[in-house]
Participant: 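The structure is given below, and queries will be raised subsequently.
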Amino acid sequence: MIKTVGVVGAGTMGNGIAQVFAQSGFDVCLVDVAPVMLDRARATMEKSLAKFVEKGTLSAADRDAALGRLSTATAIDRLATADYVVEAIVENIDAKRSLFASLDAITRPDVILSSNTSSISITTLGAATRRPDKVLGMHFMNPVPLMTLVEMIRGQQTSPDSMRIASELCVTLGKTPVEAADYPGFIANRILMPMINEAIFAVMEGVGTPDAIDTVMKLGMNHPMGPLTLADFIGLDVCLAILNVLHDGLGDPKYRPCPLLRRMVAAGQLGRKSGQGFYSY
Ligand code: CAA
């Protein structure tokens, strides 16, 4: 039975994932090498939970209980008692492979090790462990407390049993799991990133201003955010990294990242987090 969940990486995604598990009654241990990230994560969670209390969708007692179920640590050894793990560290294949090898050594052999990666091969991560049948992708969407989709990625050796257990876990979190095969970008980013990239080409070619392009997609297609606002929200460096994965992994020139995207990332214009992207923040 899954009672204690380990979440590794306390960035935007990691803290959102830790929050939804804690809100659903799991004991959560959030691990990050940087104590400042853990402090920031707790503050972000408190803010998000406060919004739910304000809206009346969560009681103050349930908020306190959720925060009470959260513990933090800087060493992954703390995950020796975890029943399930979600990795949400930096999108770097070497860092992730090395973490999966450590998690394989630390956790019980029956524990499923999942990754929130948006585009790195689950099969490659599984191959860094002695339990590739228990390694899978559990890709949450940002903002995690609000978005109901979880993309579930089956690696080459992931067992049907592991997929079933993880999918049931998503339902317990109030999310909808959708299965995808382990190809670059899975489903979400295979479709989202070419749209964002095309919007950036449209800016570069002067087809429309960022505002015009976003307005067309918002009012014309009922998207909650236009593609350029969304790109700023995701992070332009993240968009570029995912497009590179699609381009390298699928080998089709249609995935080539727009030169304007490359130039903005080179300039440190990464979107909302850096204060400047297609818009100023
Ligand atoms: N926790 C709790 N409440 C939150 C919150 C959070 N983290 N973030 C926002 N809210 C609340 C706001 O307080 C607000 O509450 P009220 O209705 O009471 O005012 C409500 O949610 C709506 O927020 P906003 O008014 O700020 O803005 P919005 O109506 O545009 O909704 C949104 C925000 C849900 C993010 C919406 O814009 C949206 O759905 N955008 C698209 C998001 C998306 O596409 N995400 C996927 C990105 S891709 C990805 O994650 C994967 C990848 O691999 C790249």
Side-chain angles (χ1 to χ4, degrees), residues 9-24 40-58 62-63 66-67 86-92 96 114-122 137-153 173-178 180 182-197 199-200 214-215 217-219 221-246 249 257 261 265 270-273 277 279 281:
T12 309
M13 297 305 284
N15 80 57
I17 294 166
Q19 179 184 328
V20 296
F21 274 104
Q23 266 184 271
S24 302
R40 218 175 281 165
R42 195 179 276 276
T44 304
M45 262 183 242
E46 282 171 3
K47 228 166 101 189
S48 171
L49 291 168
K51 275 186 200 163
F52 290 130
V53 173
E54 204 179 292
K55 276 195 215 161
T57 53
L58 184 76
D62 285 346
R63 172 201 58 200
L67 288 170
V86 188
E87 167 276 313
I89 66 164
V90 59
E91 285 287 279
N92 174 295
K96 283 195 198 283
S114 71
S115 173
N116 178 60
T117 181
S118 50
S119 58
I120 287 173
S121 161
I122 296 303
M138 194 178 201
H139 182 210
F140 290 82
M141 302 291 137
N142 187 18
V144 181
L146 299 184
M147 305 297 283
T148 54
L149 176 74
V150 182
E151 197 176 20
M152 302 296 305
I153 301 101
L173 299 178
K175 308 285 188 199
T176 301
V178 174
D182 189 17
Y183 287 108
F186 319 131
I187 296 174
N189 283 313
R190 174 81 174 255
I191 296 169
L192 176 65
M193 286 303 157
M195 180 187 71
I196 286 176
N197 202 35
I200 302 172
D214 277 351
T215 303
M217 297 307 284
K218 270 173 69 177
L219 303 188
M221 284 78 190
N222 257 356
H223 289 197
M225 285 176 168
L228 301 164
T229 303
L230 184 55
D232 277 357
F233 179 65
I234 292 169
L236 300 190
D237 52 339
V238 175
C239 293
L240 178 58
I242 298 172
L243 279 161
N244 279 328
V245 167
L246 290 173
L261 174 63
V265 172
L270 309 181
R272 203 177 279 214
K273 63 185 165 191
Y279 302 92
Y281 299 90

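When a ligand or atom number is given, it counts from 1 through the structure's own listing order. Keep in mind that the numbers below use all heavy atoms, side chains included, and drop hydrogens, waters and symmetry copies. FYI, the numbering just counts along the sequence from 1.
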Participant: Is atom 46 (C) of ligand 1 near the protein, in the sense that some protein heavy atom lies at less than 4.0 Å from it?
Facilitator: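 Yes, there is a protein heavy atom closer to it than 4.0 Å.
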
Participant: Look at atom 12 (C) of ligand 1 and say which protein heavy atom is nearest, naming residue and atom and giving the distance to 0.1 Å.
Facilitator: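 Here the nearest protein heavy atom works out to Lys51 CD, 4.1 Å.
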
Participant: Heavy-atom distance from atom 5 (C) of ligand 1 to the protein below 4.0 Å?
Facilitator: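 Protein heavy atoms within 4.0 Å of atom 5 (C) of ligand 1 - there is at least one.
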
Participant: Roughly how far, to the nearest 0.5 Å, is the CD atom of Glu151 from the CZ atom of Arg190?
Facilitator: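 Reported to 0.5 Å precision, the distance equals 11.5 Å.
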
Participant: I'd like the name of whichever of Ile242, Leu146, Leu192 reaches closest to atom 10 (N) of ligand 1 through any heavy atom.
Facilitator: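 Nearest option to atom 10 (N) of ligand 1, by heavy atoms: Leu146.
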
Participant: Please report whether atom 24 (P) of ligand 1 has a protein non-hydrogen atom at a separation of less than 4.0 Å.
Facilitator: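 Within 4.0 Å of atom 24 (P) of ligand 1, no protein heavy atoms are found.
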
Participant: To check you understand the geometry: which heavy-atom pair defines the closest contact between Pro194 and Asn189, and what is its length?
Facilitator: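 Of all heavy-atom pairs spanning Pro194 and Asn189, the closest is CD-O, 3.5 Å.
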
Participant: Enumerate, atom names and distances included, each donor-acceptor pair closer than 3.5 Å involving a side-chain atom of residues 225-233, sequence neighbours excluded.
Facilitator:
residue	atom	partner	partner atom	Å
Thr229	OG1	Asp214	OD2	2.7
Asp232	OD1	Phe278	N	3.0
Asp232	OD2	Phe278	N	3.1
Asp232	OD2	Tyr279	N	3.1
Asp232	OD2	Tyr281	OH	2.6

Participant: Atom 20 (C) of ligand 1: which of Lys55, Lys218, Glu54 has the nearest heavy atom?
Facilitator: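 Heavy atom nearest to atom 20 (C) of ligand 1 belongs to Lys55.
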
Participant: Thr176 and Val150: side-chain contact (heavy atoms from CB on, under 4.5 Å), yes or no, with the steps?
Facilitator: CA-CA 6 Å; Thr176 301; Val150 182; over 6 Å; no

Participant: Would you mind running through ligand 1 and noting each atom that sits below 4.0 Å from a heavy atom of Ser48?
Facilitator: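 So the answer, numbered in order with elements, is 1 (N), 2 (C), 6 (C), 7 (N).
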
Participant: Identify the protein heavy atom lying closest to atom 50 (O) of ligand 1, giving its residue, its atom name and the separation to 0.1 Å.
Facilitator: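 Ranked first by proximity to atom 50 (O) of ligand 1 is Asn142 N, 2.8 Å.
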
Participant: What closest approach, in Å, do Gly271 and Leu236 show between heavy atoms, and which atom pair accounts for it?
Facilitator: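 Nearest heavy atoms, Gly271 then Leu236: N-CG, 4.1 Å.
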
Participant: Hey, could you give me the CD1/CD distance between Ile242 and Glu91, rounded to the nearest 0.5 Å?
Facilitator: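 CD of Glu91 is found 6.5 Å from CD1 of Ile242.
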
Participant: Report the residues that fulfil salt bridge (charged side-chain N to carboxylate O under 4.0 Å, His left out) with Lys175, sequence neighbours left out, ordered by chain and then residue number.
Facilitator: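 For Lys175, no residue satisfies salt bridge (charged side-chain N to carboxylate O under 4.0 Å, His left out) once neighbours in sequence are set aside.
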
Participant: Can you check which of Cys239, Pro224, Gly226 brings a heavy atom nearest to atom 39 (O) of ligand 1?
Facilitator: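 It is Pro224 whose heavy atom sits nearest to atom 39 (O) of ligand 1.
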
Participant: Might you check, step by step, whether the distance between atom 29 (O) of ligand 1 and some protein heavy atom is under 4.0 Å?
Facilitator: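 Neighbour list for atom 29 (O) of ligand 1 is empty of protein heavy atoms (cut-off 4.0 Å).
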
Participant: Any protein heavy atom lying closer than 4.0 Å to atom 16 (P) of ligand 1?
Facilitator: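 Protein heavy atoms within 4.0 Å of atom 16 (P) of ligand 1 - there is at least one.
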
Participant: Heavy-atom contacts with Ile234 under 4.0 Å: which atoms of ligand 1 show up? List them by number with element.
Facilitator: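 Listed by number with element: 48 (S), 54 (C).
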
Participant: Which atoms of ligand 1 sit under 4.0 Å from any heavy atom of Met225?
Facilitator: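 Selected atoms, number and element: 37 (O), 40 (N), 41 (C).
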
Participant: For Asn189, counting its heavy atoms only, list the atoms of ligand 1 lying under 4.0 Å from any of them.
Facilitator: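 Answer, ordered by atom number: 52 (C), 53 (O), 54 (C).
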
Participant: State the atoms of ligand 1, each with its element, that fall below the 4.0 Å cut-off from a heavy-atom position in His139.
Facilitator: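 Those of ligand 1 that fall under 4.0 Å from His139 are 51 (C), 52 (C), 53 (O).
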
Participant: Considering Met13, Lys47, Met141, Glu151, which one's heavy-atom position lies nearest to atom 49 (C) of ligand 1?
Facilitator: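 Comparing heavy atoms across Met13, Lys47, Met141, Glu151, the nearest one to atom 49 (C) of ligand 1 lies in Met141.
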
Participant: Glu46 vs Arg63, test: salt bridge (charged side-chain N to carboxylate O under 4.0 Å, His left out). Steps then yes/no.
Facilitator: CA-CA 8 Å; Glu46 282 171 3; Arg63 172 201 58 200; over 6 Å; no

